[in-house]
Student: 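One structure is given below, represented as structure tokens, and several questions about it will come after.
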Amino acid sequence: MTAETITPPPPMTAERPIGPALSRGWRRRCPACGKGKLLTGYLKVADHCPACGAEMFHQRADDGPAYLTILLVGHIMAVALHIVWSAFRPAPIVMALTFSIGVVLLALYLLPRIKGAFIGLQWSRKMHGFSDKLPD
């Protein structure tokens, strides 16, 4: 036997940086590797990452992304509505139609991204079963 230096693997308790995990989740990518798709459909989370094999089935995003999406869309559109009304005074039907379409499109755009960020947050903080199942 030779006397070689064996470096142990990093401990599972090592910190996972929150910034990259949130960014990868926002882009709907695996928070562990950033390469595999996080979502298989519009909002359905993949059971495993196709690139690194990280398990994602135990995520618990639940209603948080929907609540945050409603909060953000409501605040963004309320400010926009006030600015448009103050500056242009369009007909009420025009405002109702354009802002209704805007609310729907903005919510549809934000919801999967916010869900991905929620899952990235859970992964980085080792919540809901992410602690021992994924490599650091």
Side-chain angles (χ1 to χ4, degrees):
M1 256 199 184
T2 61
E4 294 180 15
T5 306
I6 299 173
T7 56
M12 293 301 285
T13 58
E15 282 295 315
R16 296 175 178 163
I18 193 168
L22 288 174
S23 174
R24 291 171 180 166
W26 178 266
R27 291 177 297 164
R28 295 166 294 161
R29 297 288 175 197
C30 171
C33 69
K35 295 181 178 123
K37 285 187 170 187
L38 182 61
L39 304 174
T40 58
Y42 178 66
L43 290 176
K44 177 145 175 54
V45 179
D47 286 341
H48 297 83
C49 172
C52 70
E55 295 176 344
M56 297 292 156
F57 61 87
H58 39 62
Q59 59 80 25
R60 297 287 310 243
D62 298 335
D63 292 335
Y67 290 135
L68 187 58
T69 299
I70 291 168
L71 182 74
L72 289 174
V73 169
H75 281 82
I76 290 169
M77 295 310 273
V79 171
L81 187 117
H82 175 68
I83 291 170
V84 169
W85 179 254
S86 298
F88 304 111
R89 300 274 180 188
I93 190 71
V94 171
M95 279 192 68
L97 287 174
T98 54
F99 277 91
S100 295
I101 292 169
V103 163
V104 169
L105 293 178
L106 187 59
L108 289 173
Y109 175 78
L110 288 177
L111 187 56
R113 286 157 179 80
I114 291 174
K115 184 169 185 169
F118 260 71
I119 295 168
L121 174 70
Q122 291 174 11
W123 177 83
S124 71
R125 300 295 99 196
K126 301 177 184 178
M127 299 167 63
H128 309 298
F130 281 117
S131 60
D132 296 323
K133 305 285 185 198
L134 298 175
D136 284 329

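All values derive from a computational prediction rather than experimental measurement. Because only heavy atoms are used, hydrogens play no part in the values below, and waters and symmetry mates are left out as well, while side chains stay in.
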Student: If you take all heavy atoms of P65 and A61, which pair is closest and at what distance?
Tutor: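 It is CD-O, 3.1 Å.
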Student: Any chance you could pull the hydrophobic cluster mates of L105, using side-chain heavy atoms under 4.5 angstrom and chaining through other members?
Tutor: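 I101, all in the cluster of L105.
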Student: Atom NE2 in H58, atom CD1 in I119: separation rounded to 0.5 Å?
Tutor: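 One finds 11.0 Å between NE2 of H58 and CD1 of I119.
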Student: Under 4.5 Å between side-chain heavy atoms, counting indirect links through other Ile/Leu/Val/Met/Phe/Trp/Tyr residues: same cluster for L43 and L121 or not?
Tutor: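 The answer is no; the residues belong to distinct hydrophobic clusters.
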Student: Take R28 and K37 through the test side chain to side chain contact (heavy atoms under 4.5 Å, CB included) and record every step on the way to the result.
Tutor: CA-CA 6 Å; R28 295 166 294 161; K37 285 187 170 187; over 6 Å; no
Student: Taking the side chain from S86 and the backbone from H82, do they hold a donor-acceptor pair closer than 3.5 Å?
Tutor: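 It does hold such a pair.
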Student: Which other residues belong to the hydrophobic cluster containing L81, where Ile, Leu, Val, Met, Phe, Trp and Tyr are joined when side-chain heavy atoms lie under 4.5 Å apart, directly or via other members?
Tutor: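 In the cluster with L81 are W26, L68, L71, L72, V73, I76, M77, V84, W85, F88, M95, F99, V103, L106, Y109, L110, I114, F118.
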Student: Under the side-chain contact (heavy atoms from CB on, under 4.5 Å) test, which residues partner A51, sequence neighbours left out?
Tutor: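 Here the qualifying residues are C33, K35, C49.
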Student: Who else is in the cluster with M127 when I, L, V, M, F, W and Y are joined by side-chain contacts under 4.5 Å?
Tutor: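 Members other than M127 - counting any ILVMFWY side chain reachable under 4.5 Å - there are none.
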Student: Could you tell me which non-hydrogen atom of L22 sits nearest to which non-hydrogen atom of A117, and how far apart they are?
Tutor: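 Taking L22 first and A117 second, the nearest heavy atoms are CD2-O, 3.2 Å.
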Student: Could you tell me whether the side chain of Y42 and the main chain of L111 form a donor-acceptor pair under 3.5 Å?
Tutor: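 Flag not set: sc Y42 to bb L111 has no pair under 3.5 Å.
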Student: Rounded to the nearest 0.5 Å, how far does CE of M56 lie from CD of Q122?
Tutor: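 Atom-to-atom, Q122:CD and M56:CE are 10.5 Å apart.
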Student: Just to verify, what does T40 make a side-chain contact (heavy atoms from CB on, under 4.5 Å) with, not counting sequence neighbours?
Tutor: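 Testing T40 for side-chain contact (heavy atoms from CB on, under 4.5 Å), a comparison that skips the adjacent residues, returns K44, A46.
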Student: With H48, which residues qualify under ring-ring contact (aromatic ring centres under 6.0 Å, His included), at least two apart?
Tutor: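 In terms of ring-ring contact (aromatic ring centres under 6.0 Å, His included), with neighbours along the sequence ignored, H48 is linked to F57.
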Student: Taking all non-hydrogen atoms of both residues into account, name the closest pair between V45 and K115 and its distance.
Tutor: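 Nearest heavy atoms, V45 then K115: CG2-CE, 3.7 Å.
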Student: What pairs meet the side chain to side chain donor-acceptor pair (under 3.5 Å) rule with one or both residues in residues 61-75, with sequence neighbours excluded?
Tutor: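 Residue pairs with at least one partner in residues 61-75: R60-D62.
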Student: Might you point out which heavy atoms bring E55 and F130 nearest each other, and give the distance in Å?
Tutor: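 Heavy atoms only, the tightest pair is O-CE2, 3.4 Å.
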Student: Using salt bridge (charged side-chain N to carboxylate O under 4.0 Å, His left out) as the criterion, list what pairs up with R125, not counting sequence neighbours.
Tutor: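 Salt bridge (charged side-chain N to carboxylate O under 4.0 Å, His left out) list for R125, sorted by chain: E15.
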Student: The criterion is side-chain contact (heavy atoms from CB on, under 4.5 Å); which residues satisfy it with A21, sequence neighbours excluded?
Tutor: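 A21: side-chain contact (heavy atoms from CB on, under 4.5 Å) contacts with P31, W123, S124.
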Student: For L97, which fellow cluster members are found when Ile, Leu, Val, Met, Phe, Trp and Tyr are connected by side-chain heavy-atom distances below 4.5 angstrom, either directly or through intermediates?
Tutor: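 I93, V94, listed by chain and number.
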